[in-house]
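Since we're looking at a predicted model, the values are computed, not measured. All values below were derived from every heavy atom in this structure, side-chain atoms included, with hydrogens, water molecules and symmetry-related copies excluded. Numbering of residues begins at 1 and proceeds along the displayed sequence.
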Amino acid sequence: MPTNNKTANLGLNSWLGTDKPLREDFVSDNEKIDKAISDHLNDADAHMTPERLELLNSAFVVGTYIGDGNSLRVLSLDFQPRLAIVLYKGMPLVEYNMESNYTITNATILTLEGDGGSVGGSLSSKTIRITQTAAPVNGKFVNLNKLNCQYVYIAFK
């Protein structure tokens, strides 16, 4: 028979030496334990620190800029990005000019310095550095800050 003594958290039976437990008492306690563990395992927030939750809830920033035509464009952020993607809005990622035999880069993927990335810029500190070439260099034309053109960037924390 169940006891009047219960554990503080799950309310399981805490029998005294004079109590006479029954099978149904054990089954009831097992069901409570199973439910508590199941509820915990299905609660993703219980496994997260507030800092980790904040990062997941705001893992990236999306922004836009209008190209100013300069060879270098610096975008300032309030965090150190681990990865950034910059896209010339409405244009293909890469184009090929058959007449003059060069590639036009309209998008770039940037990683922290020393970790790689594609042509067209770099990440450092709290900035995305974007380049624009005036003419093709070694068969490549970087087109990421063309005057009066719209660009989109995604910076990942």
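Between Ile130 and Leu72 the shortest side-chain heavy-atom distance does not fall below 4.5 Å. Using a 4.5 Å heavy-atom cutoff, the side chains of Asn106 and Leu93 are not in contact. For the pair Leu112 and Gln80, the minimum side-chain heavy-atom distance is below 4.5 Å. Looking at Tyr96 and Val94, their side chains never come closer than 4.5 Å, going by heavy atoms from C-beta outward. Using a 4.5 Å heavy-atom cutoff, the side chains of Arg73 and Leu75 are in contact. Residues Asn145 and Asp68 have side chains in contact (heavy-atom distance under 4.5 Å, counting atoms from C-beta outward).
At most 12 non-hydrogen atoms from other residues, nucleotides or ligands lie less than 6.0 angstrom from CZ of Phe60. The environment of CG in Asn42 is crowded: more than 12 heavy-atom neighbours from other residues, nucleotides or ligands sit within 6.0 Å. For NZ of Lys35, the number of neighbouring non-hydrogen atoms (other residues, nucleotides, ligands) closer than 6.0 Å is 12 at most. Open room surrounds CG on Asn4; 12 or fewer heavy atoms of other groups in view lie less than 6.0 Å from it. Within 6.0 Å of NZ in Lys140 there are 12 or fewer heavy atoms belonging to other residues, nucleotides or ligands.
Using modelled atom types, no side-chain atom of Ser125 and backbone atom of Thr127 make a donor-acceptor pair closer than 3.5 Å. Within the 3.5 Å criterion, the main-chain N or O of Leu22 finds a donor-acceptor partner in the side chain of Asp25. Looking only at distances, no side-chain donor or acceptor of Asp43 sits under 3.5 Å from a matching main-chain atom of His40.
The hydrophobic cluster containing Tyr153 does not contain Ile66, counting ILVMFWY residues as joined when their side-chain heavy atoms lie under 4.5 angstrom apart, directly or transitively. Hydrophobic clustering, with ILVMFWY side chains joined whenever heavy atoms are under 4.5 angstrom apart, groups Leu10 together with Ile37. Val62 and Leu83 fall within a single hydrophobic cluster, where Ile, Leu, Val, Met, Phe, Trp and Tyr side chains are chained together by heavy-atom contacts under 4.5 Å.
To the nearest 0.5 angstrom, Asn30 atom CG is 9.0 Å from Leu12 atom CG. In this structure, Ile109 CD1 and Ile154 CD1 are separated by 10.0 Å, a value rounded to the nearest 0.5 Å. Atom CD of Glu95 sits about 10.0 Å away from atom OG1 of Thr103, to the nearest 0.5 Å. Expressed to the nearest 0.5 Å, how far CZ of Phe141 lies from OG1 of Thr105 amounts to 9.5 Å. Note: Trp15 CH2 to Asp29 CG = 5.0 Å, rounded to the nearest 0.5 Å. Taking CD1 of Ile85 as the reference point, atom OG1 of Thr111 lies at 11.5 Å (rounded to 0.5 Å).
When all heavy atoms of Gln132 and Leu144 are compared, the closest pair comes out as OE1-N, 2.9 Å. In terms of heavy atoms, Val74 sits closest to Arg129 at CG2-NH1, 4.0 Å. The two residues Ile128 and Ala84 make their nearest non-hydrogen contact at CD1-CB, 3.9 Å. Minimum heavy-atom separation, Lys157 to Arg82: O-CD, 2.9 Å. Here the closest heavy-atom approach between residue Ala107 and residue Leu87 is recorded as CB-CD2, 3.5 Å. For Tyr88 against Lys146, the heavy-atom pair with the smallest separation is OH-CD, 3.9 Å.
Classification of the Tyr151-Tyr65 ring pair by plane angle, with boundaries at 30° and 60°, yields parallel.
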In sequence, state the C-alpha distance, the side-chain angles, and the governing distance for Ser118 and Thr108, and then conclude on side-chain hydrogen bond (donor to acceptor under 3.5 Å, both in side chains). CA-CA 6 Å; Ser118 58; Thr108 188; 2.9 Å; yes
